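Written out below as structure tokens is the structure these notes cover.
Just so you know, residue 1 is the first one in the sequence shown, and it goes up from there. Worth saying up front: this structure is predicted, and the values here are computed from it rather than measured.
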Amino acid sequence: MTNVFKEKGTSEFINRIHNLTPETKPQWGKMSVEKMLAHCNVTYELIYEDKHPRPKGLKKLLIKLLIKNYVVGDKPFKKNGGTAPAFLIRDERKFKTEKDRLIQHLEKTQQLGESHFNGKESHSFGPLTIKEWNTMFSKHLDHHLTQFGV
């Protein structure tokens, strides 16, 4: 799995993102390329911005019990899988804006490095290990870049 905390891993993802164009079509699913980029940005908004409400109580417990291992585990995501409500992009987005934001998020994550994320509390899953953070970042991004053939 690509390590987003290492410069080489970040560069690999950025190169793949640069291969996208506004005309790139998905190999499966219904998302447009700009909505896919915005969808991928949500992962980083949950860390770097305070714009999504945190799950609480029973909802948070259920997310940790039922979804956490799927998201931070090594098993790849399935095509056309379900999407958490916060990750649904319903409004129109601009390709260049979302592309630039995603690249900035990747660069920021790499610059902060593993030590910043070691044991850091995730929005929905509680504290995660470096491996869990990396798996979550890499698996999600790889899944969607593969969806769009890059």
TODO: For residues Val71 and Lys139, report the shortest heavy-atom separation together with the two atoms involved.
DONE: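 Looking at all heavy atoms of both residues, the shortest contact is O-CE, 3.4 Å.
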Working for side-chain contact (heavy atoms from CB on, under 4.5 Å), residues Val72 and Thr129: CA-CA 10 Å; Val72 301; Thr129 66; over 6 Å; no
Worksheet entry | Chi angles and distances behind the side-chain contact (heavy atoms from CB on, under 4.5 Å) call for Thr146, Trp28 | CA-CA 10 Å; Thr146 300; Trp28 72 84; 4.2 Å; yes
Quick check: are there more than 12 heavy atoms from other residues, nucleotides or ligands sitting under 6.0 Å from [atom1] of [X]?
| X | atom1 | result |
| --- | --- | --- |
| Lys78 | NZ | no |
| Glu121 | CD | yes |
| Lys96 | NZ | no |
| Asn80 | CG | yes |

Donor-acceptor check, side chain of [X] to backbone of [Y], threshold 3.5 angstrom: yes or no?
| X | Y | answer |
| --- | --- | --- |
| Arg93 | Lys35 | no |
| Thr2 | Ser138 | no |
| Ser122 | Pro127 | no |

_Derivation of the side-chain contact (heavy atoms from CB on, under 4.5 Å) call for Met36 and Leu20_ = CA-CA 11 Å; Met36 177 275 289; Leu20 295 166; 3.8 Å; yes
- request: Indicate, with yes or no, if Leu112 and Ile130 share a hydrophobic cluster defined by side-chain heavy-atom contacts under 4.5 Å among Ile, Leu, Val, Met, Phe, Trp and Tyr.
  value: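 Yes, it is one cluster - the side chains of Ile130 and Leu112 are joined through contacts under 4.5 Å.
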Modelled atom types, side-chain donor and acceptor of His123 and His52, under 3.5 Å
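Their side chains do not contain a donor-acceptor pair, so the 3.5 Å distance test is not met.
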request  = Specify whether Tyr44 and His105 have parallel, tilted or perpendicular ring planes, treating 30° as the upper limit for parallel and 60° as the lower limit for perpendicular.
outcome  =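 The rings of Tyr44 and His105 lie parallel, inter-plane angle below 30°.
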Inset, instruction - Can you measure from CG (Asn19) to CZ (Phe148) and round to the nearest 0.5 angstrom? - result: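 Result: 14.0 Å between the selected atoms.
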- Message: Using 0.5 Å steps for rounding, measure from the CZ atom of Phe87 to the CG atom of Asn41.
- Response: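 Here the rounded value is 10.5 Å.
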Practice item. Tell me, with the steps shown, if Lys108 and Gln104 meet side-chain contact (heavy atoms from CB on, under 4.5 Å). Key: CA-CA 6 Å; Lys108 180 176 183 173; Gln104 289 167 2; over 6 Å; no
